[in-house]
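A short worksheet on the structure shown next.
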Amino acid sequence: MTSQPASQLPASADVVIIGGAAIGSSIACHIAADPAFTGRVVVIEKDPTYQFSASALSAASIRQQYSSAVNIRISLYGIQFLREIGERLAVGGDRPEIGLTEGGYLYVAGPEGAPVLEENNALQRAEGADILLLDPEALRARYPWLNTEDLSCGTWGRSGEGWFDGWGLMQAFRKKARSLGVIYAEGQAAAIERDGARISAVRLADGSRIACGAVVNAAGASGGRQVAALAGVDIPVHSKKRFVFSFTCKAEIHDAPLLIDPSGAWFRPEGRRGPEGQLFIGSAGPTAEMDDPDSDEFDVDWGFFDDFIWPALATRVPAFEQIRPGRAWAGHYDMNLFDHNAILGKAGGLENFYLANGFSGHGLQQSPAVGRGLAELILHGRYLSLDLSEMSFERIAANRPLLERNVI
């Protein structure tokens, strides 16, 4: 599915979406599918190969283990959507398949972190998430390969959490959107024209101009902050590089979930067992002592794996002392440095400029609910299904962070 050149853009559109990966395409798909909408949607994407997008490079997982109710609700809808993707995003007889594996997240904690896990678990269960609180004995019984000597508890998603094909999800949204009449055009937003409190048009780098009824900024790590600035809006979103490392282990690690260690290191199984052993992927975010500069390059820091990730994982899973490192890659989070949560909805006093930025690593799993929510907000003036107003831009202006303690 190719995008048409910007020179062939229509002169106007009811909704222009800047950024066509999972978030932008979900919004486009949900707008076009709304029975109340009879207009035109145009998606502007500067890289129609999507090879460097977070949707392509993400570890692509979903969880309900958050500490804020709105994030839990977003993911409860998200897992329902992913389970039903074959029906929801079918185009003719083509039913998308994204390999959803509900292997669960397992957060583990020592004495210091246990109260937070226990408090979070109470909220998650109250919201309807299927998350078990396990003591060390239960952890050892379920995961005999796990070192529990320093652990006080763990929380595990018995259902509703796991991993999937992020590229497949993005392409399914795109294909469905196009089948509903959404136009995809290759180009880069270079200017946004304002008429008082309204956006009147978007100009592209090649000089093309498209008048618009509404504009959505879904440009991601590679341009979200810059696109907002074109409209005179400053958002605290920065591109932060993250790595994913693969490795194999010959020892049997049965029924491994996506495990998040108190150190911040994580791993999960990836695919079937082969002749070299079971394949895993894993990584970690930087610790408070590490530099975390803005970045737009894709070099991999193997020293980070050797010096931090591998030792942490081998301490938690002794069998990982003997592994064979594999390939690795880097991608970028559109990190909201204000509170690590998405920024959604109108911004800067503008009547028709909408943000969908700052997902901080959670964009793929949140794309179903965000696409639905932004479509409702644009077409109906309010959220109808799930109230996402806690994630509005206004919380930043009011210095009212939406605190999330489970940020990994």
Side-chain angles (χ1 to χ4, degrees), residues 19-26 29 47 49-66 71 74-86 88-89 96-107 157 159-176 218 220-222 240-247 256-260 265-272 278-285 298 300 326-335 340 342 356 358-371 406-408:
I23 294 293
S25 287
S26 176
C29 184
D47 177 18
T49 71
Y50 298 93
Q51 61 180 321
F52 299 117
S53 69
S55 299
L57 299 172
S58 168
S61 53
I62 183 167
R63 59 181 165 101
Q64 282 86 50
Q65 292 194 59
Y66 289 95
N71 277 326
I74 286 171
S75 283
L76 285 170
Y77 175 71
I79 191 63
Q80 176 187 344
F81 188 98
L82 296 184
R83 287 168 176 163
E84 300 169 355
I85 191 171
R88 290 176 178 266
L89 298 184
E97 167 57 47
I98 58 168
L100 176 64
T101 301
E102 294 188 43
Y105 270 64
L106 174 63
Y107 279 83
S159 65
E161 298 189 317
W163 46 93
F164 57 93
D165 177 1
W167 175 265
L169 175 63
M170 178 191 72
Q171 293 295 347
F173 274 131
R174 291 185 71 238
K175 186 171 184 177
K176 184 67 173 182
S222 65
K240 300 294 184 180
K241 185 167 67 170
R242 297 292 183 263
F243 311 108
V244 179
F245 299 90
S246 68
F247 59 92
L258 193 159
L259 185 146
I260 299 177
W266 63 267
F267 76 90
R268 70 162 168 84
E270 177 75 356
R272 298 180 179 178
Q278 174 69 52
L279 178 64
F280 296 89
I281 61 172
S283 192
F298 293 84
V300 173
R327 63 182 289 264
W329 65 93
H332 298 94
Y333 283 1
D334 58 331
M335 188 70 76
H340 291 177
F359 290 89
S360 306
H362 307 138
L364 271 172
Q365 64 184 286
Q366 296 190 329
S367 61
V370 168
N406 282 356
V407 296
I408 293 178

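The chain is numbered in sequence order, starting from 1.
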Non-neighbouring partners of [X] that pass side chain to side chain donor-acceptor pair (under 3.5 Å), sequence neighbours left out:
X	value
Gln64	none
Ser25	Tyr184
Arg88	Tyr77, Glu84
Ser159	Asp130

If I compare all heavy atoms of [X] with all of [Y], which pair ends up nearest, and what's the gap?
X	Y	answer
Ser75	Gln365	OG-OE1, 3.4 Å
Pro257	Leu106	CG-CB, 3.6 Å
Ala284	Ala265	CB-CA, 3.7 Å
Thr49	Asp47	OG1-OD1, 2.6 Å
Ile23	Ala218	CG2-CB, 4.1 Å
Phe247	Ile281	CE2-C, 4.3 Å

Residues in ring-ring contact (aromatic ring centres under 6.0 Å, His included) with [X], at least two apart?
X	result
Tyr50	none
Phe173	Phe81
Phe164	none

Roughly how far apart are [X] [atom1] and [Y] [atom2], rounded to 0.5 Å?
X	Y	atom1	atom2	answer
Ile62	Leu258	CD1	CG	12.5 Å
Glu102	Leu82	CD	CG	9.0 Å
Glu97	Leu169	CD	CG	11.5 Å

**Asked** When you check the side-chain N and O atoms of Gln171 and Arg174, is any donor under 3.5 Å from an acceptor?
**Response** yes
**Message:** Are His332 and Phe298 an aromatic pair, judged by ring center distance below 6.0 Å?
**Reply:** yes
**Request:** Any chance you could lay out the side chain to side chain contact (heavy atoms under 4.5 Å, CB included) test for Arg83 and Leu100, step after step, and finish with the verdict?
**Result:** CA-CA 7 Å; Arg83 287 168 176 163; Leu100 176 64; 3.8 Å; yes
[X] side-chain N/O to [Y] backbone N/O, donor-acceptor pair under 3.5 Å:
X	Y	answer
Asp165	Ile98	no
Ser26	Ser367	yes
Glu270	Leu279	no

**Complete:** Residues passing the side-chain contact (heavy atoms from CB on, under 4.5 Å) test with Ala342, sequence neighbours excluded, are Leu344, Phe359, Gln366, Met391
**For Pro269, side-chain contact (heavy atoms from CB on, under 4.5 Å) partners two or more places apart** = Trp163, Ala256, Gln278, Phe280
**Request:** Output, in order, the C-alpha distance, side-chain angles, deciding distance and verdict of side chain to side chain contact (heavy atoms under 4.5 Å, CB included) for Ile74 and Tyr66.
**Result:** CA-CA 10 Å; Ile74 286 171; Tyr66 289 95; over 6 Å; no
**Asked** Tell me the side chain to side chain donor-acceptor pair (under 3.5 Å) pairs involving residues 52-61, sequence neighbours left out?
**Response** Ser61-Tyr105
**Prompt:** Would a 4.5 Å heavy-atom cut-off, applied to side chains only, mark Trp266 and Leu259 as touching?
**Reply:** no
**Asked** Trp329 and Phe243: side chain to side chain contact (heavy atoms under 4.5 Å, CB included), yes or no, with the steps?
**Response** CA-CA 6 Å; Trp329 65 93; Phe243 311 108; over 6 Å; no
**Request:** Give the intermediate values and the outcome of side chain to side chain contact (heavy atoms under 4.5 Å, CB included) for residues Lys175 and Leu89.
**Result:** CA-CA 8 Å; Lys175 186 171 184 177; Leu89 298 184; over 6 Å; no
